[in-house]
Amino acid sequence: MPAIVLVGAQWGDEGKGKATDLLGGRVDYVVRYQGGNNAGHTVVIGDRKFALHLLPSGILTPTVVPVIGNGVVIDPGVLLEEMRGLNERGIDTSKLVISADAHLITSYHVTLDKVTERFLGKAKIGTTGRGIGPTYSDKIARLGIRVQDLFDPSILRQKVEGALAHKNQVLVKVYNRRAIDVDATVDQLLEYADALRPYVADTSLLLNSALDEGRVVLLEGGQGTLLDVDHGTYPFVTSSNPTAGGACTGSGIGPTRITSVVGILKAYTTRVGSGPFPTELFDADGERLRSIGGEVGVTTGRPRRCGWFDAPIARYASRVNGLTDIFLTKLDVLTGWERIPVCVAYDVDGTRSDEVPMTQTDFHHAKPIYEYLPGWSEDISGAKTLADLPANARAYVQFLEDVSGTRISAIGVGQDRDATIAIHDLVH
């Protein structure tokens, strides 16, 4: 049965939460497979808005089993607070399942994240300061703390001692900060054990068994393709793999079980944090996109950088993810422009490049080459079919499909849960 991957096809914040929620009623499991509480999903249901950070978007659909996979890094305090917040609003979180192999963000990870960014000054990466990078660093260095370690105090203490033996040297001698106490750290982590225990399971076994039984599994990433640690605008990236390949390693589902990969693309482009952004706008158009689109980070509260649609990035995302479908979001934000630029290629030091440049240097030098499409002024928020869209809006969608190289199967025309035009079935 279908295992569907949902990926951001730009720099994140494309509207993955809306897409996941749209599909939620048709799937049995929704799995978050990477990232941590540095990502945010906003889902609007009627007049209620939900901002999710660690919990899978499927948590809002009563029939769905929401799963936090092994590829996610979890701040246990943040997770429990997010669950409490939803419970207080009448959302049941009791079906949540958490991988025993997921790594934990500790207080020392958050401390190191913040002091390192301050130390870098102008060369900072632009992290959220929530300990994500240091936690993934410890995972790769085999110094990490996993969820299952909460249930063995002896193992937990050994691992915390091992991690802090090095980190305290760095904090004291490099950053001139106070050393972190092992006992206090262990005690703080153990406080979460009883609260998390009922939710912890072997999620790889659970998900593969579900697929064997004919269930539909939806795997959602945080961030976006251009923030992937391997395939993004390195080093201005996250510390994990939001791309489709990360869905397999982050969930324990083999690649032969993936049946489709849906890329989420905004009808324009945004990014949060530092790094190259060829179509970024510094004028009234950029501010207008930010204002109309509500472009403020769900997790950070930082204003998003805004620019026009970037076709080379869309083609790149289609290629590295193996996209089968595109969900185009926020088309309604472009209503009212007389003409709409679309970046179709780059000028890199006088040479045209139709693809994302190979080197970091060339990408920093890339200037957008635009084609201009006529805009529309009609309100499209109530459109239910392609035929309901103005001719120029339909032409814009068709142009984006042509330059992206992947069919557009759904279009978001407003914030509400049902403000979507479905063209092709995403469950296949």
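Keep in mind that the numbers below use all heavy atoms, side chains included, and drop hydrogens, waters and symmetry copies. This one's a predicted model, so the numbers in the text were calculated from it and none came from an experiment.
Judged by distance alone, with hydrogens and angles left aside, the side-chain atoms of Ser404 form no donor-acceptor pair with the main-chain N or O of Thr406 at under 3.5 Å. A distance-only check finds a donor-acceptor pair linking the side chain of Tyr396 to the backbone of Ala267 [under 3.5 Å]. In this structure, the side chain of Tyr33 engages the main chain of Pro242 through a donor-acceptor pair within 3.5 Å. Not a single donor-acceptor pair under 3.5 Å links the side chain of Asn321 to the backbone N or O of Thr243. Panel note: side chain Gln10, backbone Tyr268; a donor-acceptor pair is recorded below 3.5 Å. A donor-acceptor pair under 3.5 Å is formed between the side chain of Thr259 and the backbone N or O of Ala3. In this structure, Glu14 contributes its side chain and Ala9 its backbone to a donor-acceptor pair below 3.5 Å. Counting only distance, with no hydrogens or angles, the side chain of Gln34 and the backbone of Gly222 share a donor-acceptor pair below 3.5 Å. For the pair Glu371 (side chain) and Val344 (backbone), a donor-acceptor distance under 3.5 Å is absent. Between the side chain of His364 and the backbone N or O of Thr361, no donor-acceptor pair lies under 3.5 Å.
Contact annotation: the side chain of Ser409 never approaches that of Val262 to less than 4.5 Å [non-hydrogen atoms, C-beta and beyond]. Taking the side chain as every heavy atom from C-beta outward, Pro235 and Gln360 approach each other to under 4.5 Å. Contact annotation: the side chain of Ile68 approaches that of Leu79 to within less than 4.5 Å [non-hydrogen atoms, C-beta and beyond].
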Notebook entry, point to check: Which is it for Arg26 and Asp425 under the salt bridge (Lys or Arg N to Asp or Glu O under 4.0 Å) test, yes or no, and what are the steps along the way?
Noted result: CA-CA 11 Å; Arg26 303 184 58 197; Asp425 192 355; 2.6 Å; yes
Margin query: Could you walk me through whether Asp13 and Arg271 satisfy the salt bridge (Lys or Arg N to Asp or Glu O under 4.0 Å) test, starting with their C-alpha distance in whole Å, then the side-chain angles of each, then the deciding distance to 0.1 Å, before giving a yes or no?
Written below: CA-CA 8 Å; Asp13 307 308; Arg271 84 170 291 177; over 6 Å; no
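For the residue pair Val216 and Val27, the shortest heavy atom distance occurs at CG1-CG1, 3.5 Å. The shortest non-hydrogen separation linking Asp285 to Trp308 is OD2-CZ2, 3.7 Å. Summarising the geometry of Ser251 relative to Val31, their closest heavy-atom pair is CB-CG1, 4.3 Å, with the distance given to 0.1 Å.
Counting heavy-atom neighbours within 6.0 Å of His166 NE2, excluding the residue itself, gives a total of 12 or less. The 12-atom threshold is exceeded at CZ of Arg197, counting heavy atoms of other residues, nucleotides or ligands nearer than 6.0 Å. More than 12 non-hydrogen atoms from other residues, nucleotides or ligands lie less than 6.0 angstrom from CZ of Arg89. No more than 12 heavy atoms of other residues, nucleotides or ligands lie within 6.0 Å of CZ in Arg178, so this atom counts as exposed by the packing criterion. Heavy atoms of other residues, nucleotides or ligands lying less than 6.0 angstrom from CG of Asp402 number more than 12.
Of the residues Ile258, Val30, Val261, the one that meets the side-chain contact (heavy atoms from CB on, under 4.5 Å) test with Leu219 is Ile258. Partner Lys159 forms a side-chain hydrogen bond (donor to acceptor under 3.5 Å, both in side chains) with one of Asp149, Asp152, Thr106 and no other, that one being Asp149.
Between the side chains of Ser94 and Asp92, a donor-acceptor pair is found at a separation under 3.5 Å. Side-chain atoms of Thr269 and Asp310 include no donor-acceptor pair closer than 3.5 Å. Side chains of Thr249 and Asn241: a donor-acceptor N/O pair is absent below 3.5 angstrom, by distance only. With 3.5 Å as the limit, one finds a donor-acceptor pair spanning the side chains of His109 and Asp138.
With respect to Arg146 and Asp101, a salt bridge is recorded, a charged nitrogen being found less than 4.0 Å from a carboxylate O.
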